[in-house]
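What follows is a set of notes on a single structure, which appears directly below.
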Number of protein chains: 2
Amino acid sequence: MADLRGNRAPDRPASRPPARRRDGGPAGGGEISPGSGPLYRQVKEQLVREIAQGRYPVTDPLPSEQKLAARFGVAQGTVRRALDDLTRDNLVIRHQGRGTFVHAHGPERDRFHFFHLVAADGERRLPASRVLSVTRRRASQDEALTLEIPPQDRIVEIRRVRDLMARSAILETIVVPDALFPDLGSLPKTQVPNTLYQLYQDRFGVIIHRAVEKITAQAAGRDDVTYLGLDRGAPLLLIERIAQTLDGTPVELRSSRCDTRHLAYFSDIL
Amino acid sequence: MADLRGNRAPDRPASRPPARRRDGGPAGGGEISPGSGPLYRQVKEQLVREIAQGRYPVTDPLPSEQKLAARFGVAQGTVRRALDDLTRDNLVIRHQGRGTFVHAHGPERDRFHFFHLVAADGERRLPASRVLSVTRRRASQDEALTLEIPPQDRIVEIRRVRDLMARSAILETIVVPDALFPDLGSLPKTQVPNTLYQLYQDRFGVIIHRAVEKITAQAAGRDDVTYLGLDRGAPLLLIERIAQTLDGTPVELRSSRCDTRHLAYFSDIL
DNA sequence: ACCTCTAAGTCTTCTATAAGAGTTATATGA
DNA sequence: TCATATAACTCTTATAGAAGACTTAGAGGT
């Protein structure tokens, strides 16, 4: 495997990619053989596959542009084009002189990229968490449907309250498939870290790549009164998030009920 | 003006850019003269300036890569790098064989890029608008501050109700500086179009480029009861948007009060 | 003997250039 | 009117050198 250039002769000079153009003439119709479209896109898609299957640990770099170019049988610039695309898709991060790394989760990324709630004073801080419960149970019909797991499959549910500015501000319920996160359900409450995505990544090899959030206004119910100190029926913000991995598999359901008296959701439209 | 290559000799062959590397030797210190940083970034910044000042009407294309390369005295690939950046910043849109155009507003872009409210059934539709009033008045202190205009300056306020699925769903108040939008305040209610950003662009040459939205939950007040048919105190979503032009000048304040019983705000985190 | 600093070397990504291929619109002739 | 060139444009690929970061060998001090 490796060479993307299709069914040409395997006489690659190894040090200098041949000055080919495209596979197949301009008249040909199908061109389905080894992958169609621009070379750089084929390279990109192959790299996405490899990253998705966890081939490159976040601690050490991907093969260099030169190595990848040799492996795929294309020019270094073509690999570079693909890697640039991966960079703007937030899949990898590159450091001149050091190498290219799979973009890992950490406090920074979780705070700025995946956490959009900002205190009234404008300060962006990651809240402290107080875990209420960690339980293992069977998925509801809705949960199984959105997580794309068999009905009645086991899931792990984490409930927690997050404090912002010494105030209980967010009541959060997190649901993940038990199959993907073995032993997570047995984790003691005190051992659940604040930045869960980092845990998913470091302990279970699951990298959260994108998320979709649905935001509505709700009236405070019993739990909201208990844990957030809201009046019954007071307006609160409900954020329902579905988080996905690289290949689009939904792996986490998260509903956050927020007291927006001292808190707001911020969204940038670029 | 034009040539970005600094204070070199003006002996450019016009058809073939010289094979230079950088201005100044590696030992030199300052290098402040014509602009620092990579060439492609200088080209990009120059293009942003020209686009921001409305030099290229949205109807016809920018100069071709070759022309720009000749004008700036760089290679075509360098201009291309700059234009690619502008593409991913949503400033321009490119069509192979046709040309490069300033990315214009229209129903499509307004619907998918700047309108994040989606009906419960998942359908994405731009709502119909019913304009309540168009008035000219003096800016409040807050409004003047966020719009960065002199206090007490004149502004135009548009109030309207937007219907989604034959239901009054959004109560919207829009505030823009009168100075930037002459005669907008005199527009009859029936003449206010649905997609305002297209109007800003086509009639006033103001291109909205990015926006920041702050979302909170609120209790329904008197107006909400009147126009949205909500019960007093019922929870609703308040979206406060500040829209900016290319150069970051805030030009529009928009507050949308949404009945989220049949509507939700969607946010994609990529 | 051991530690510290320095400099060369090597490996990495970044920048700039070039040329040919593909796409689209327009002009031209049957 | 329709087919066919033709011109103008962007897109793709390739190559070379520059810039940055880490490794390692060696000098010099303690």
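Treat the numbers as computed from the prediction; the structure is a model and nothing was measured.
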Between [atom2] of [N] and [atom1] of [X], the distance in whole Å:
X	N	atom1	atom2	result
A/Y40	C/dA21	OH	C1'	14 Å
A/D60	D/dC22	CG	P	15 Å
A/I93	C/dT12	CD1	C1'	15 Å
B/D84	C/dT15	CG	P	14 Å
B/E65	C/dT23	CD	P	16 Å
B/L68	C/dT17	CG	C1'	17 Å
B/L39	D/dA18	CG	P	14 Å
A/Q76	C/dA16	CD	P	15 Å

Decide, yes or no, whether a salt bridge links B/D183 with B/R203 under the criterion of side-chain N to carboxylate O below 4.0 Å.
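Answer for the salt bridge query: no.
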Side chains of A/Q42 and A/Q46, donor plus acceptor under 3.5 Å
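A/Q42 vs A/Q46: no donor-acceptor pair found between side chains.
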Going by atom types alone, do B/E65 and B/Q76 pair a side-chain donor with an acceptor below 3.5 Å?
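Present: a donor and an acceptor within the cut-off.
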Nearest heavy atom decides the nucleotide; on that basis, is A/R41 or A/H95 closer to the 5' end of DNA chain D?
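First, find each residue's nearest nucleotide; the 5'-ward one identifies A/R41.
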When the aromatic ring centroids of A/Y200 and A/H105 are compared, is their separation below 6.0 Å?
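No, the ring centres sit 6.0 Å or more apart.
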Could you work out which one of [options] sits closest to the side chain of [X]?
X	options	answer
A/R98	C/dA16, D/dT13, D/dC22	D/dC22
B/R81	D/dT12, C/dT15, C/dT13	C/dT15
B/P38	D/dC11, D/dA16, C/dA16	C/dA16
A/R80	D/dC11, C/dC14, C/dA18	C/dC14

What about A/Q96: does its side chain form a donor-acceptor pair under 3.5 Å with the base of D/dA19?
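Indeed, a donor on one side and an acceptor on the other fall under 3.5 Å apart.
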Does [X] put a side-chain nitrogen or oxygen below 4.0 Å from OP1 or OP2 of [N]?
X	N	result
A/S64	C/dT12	yes
B/K67	D/dC9	yes
A/R94	C/dC14	yes
B/T78	C/dA16	no

Identify whether any heavy atom of A/G99 sits under 4.0 Å from a base atom; if not, whether one sits that close to sugar-phosphate; answer base, sugar-phosphate or nothing.
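Sugar-phosphate, no base atom in range.
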Can you confirm whether B/R111 is buried at CZ, in the sense that more than 12 heavy atoms of other residues, nucleotides or ligands lie under 6.0 Å from that atom?
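Counting other residues, nucleotides and ligands, CZ of B/R111 exceeds 12 neighbours.
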